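Following: one structure in structure tokens, then a few remarks.
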Amino acid sequence: MRYSLKINKSTQELYVLDSEGRIVETMKCSTGQGFPTKYGKGTTPSGVYPVTRIEDGKEVAKILDSTGKWNPYGPYCIDLNILERNISIHGTDELENLGKLVTSGCIRIDNSNISKLVKYKFVSKGTLVEIF
């Protein structure tokens with residue numbers, strides 16, 4: 001079965017939809033805070049974007065911290081094809097910030113939920129993600 005994702009910036013929720021468009025999972029998320037940070041523009045762009053790849057969060061974190069001690073991405077980083085932006089859906093262990101506008105533009109969800117998206121194959125290369 002092919003799934004798609006929708007991210008509602010107003011309610012700070014990520015929805016997994018089945019091929020019929022029915023919501024099968026709802027997850028609390030966090031999106032862009034609205035002003036630039038040292039890591040990005042601070043906004044989460046609206047639109048429909050395909051997943052380009054799914055990466056190990058620890059490996060992506062090495063870009064920010066070569067020691068591997070700091071990992072703000074959790075177990076996975078799901079990259080989206082957004083021109084001139086490096087936006088992804090990734091995990092977080094900062095559960096107190098879910099549901100808030102706190103990111104540099106990425107979409108954060110609980111580490112267990114990002115693992116669920118990958119483990120149950122809710123996402124793969126080419127999965128469409130609508131951000132509204």
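Values in this document were obtained by computation on a predicted structure and should not be read as measured data.
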Does a side-chain heavy-atom distance below 4.5 Å link [X] with [Y]?
X	Y	answer
H90	N71	no
E94	V102	no
Y73	L64	yes
S124	R2	yes
K116	K119	no

Going by atom types only, do T31 and Q12 share a side-chain donor-acceptor pair under 3.5 Å? yes
Please find the pair of heavy atoms, one from S46 and one from F132, that lie closest to each other, and give the distance. OG-CA, 4.2 Å
Take a 6.0 Å sphere around CG of D110 and say whether it holds more than 12 heavy atoms from other residues, nucleotides or ligands. yes
Should we say atom NZ of K9 is surrounded by more than 12 heavy atoms from elsewhere, each under 6.0 Å from it? yes
Same apolar cluster: V118 and I109, side chain cutoff 4.5 Å: yes
With sequence neighbours excluded, tell me which residues meet ring-ring contact (aromatic ring centres under 6.0 Å, His included) with Y3. F122
Given the options I78, I87, L5, T92, I107 meets side-chain contact (heavy atoms from CB on, under 4.5 Å) only with I87
T43 side chain vs G34 backbone, donor-acceptor pair below 3.5 Å: no
Should the pair R22-E20 be classified as a salt bridge under the 4.0 Å nitrogen-to-oxygen rule? no
Other than L95, what residues sit in its cluster of Ile, Leu, Val, Met, Phe, Trp and Tyr side chains whose heavy atoms are under 4.5 Å apart, directly or through others? L98
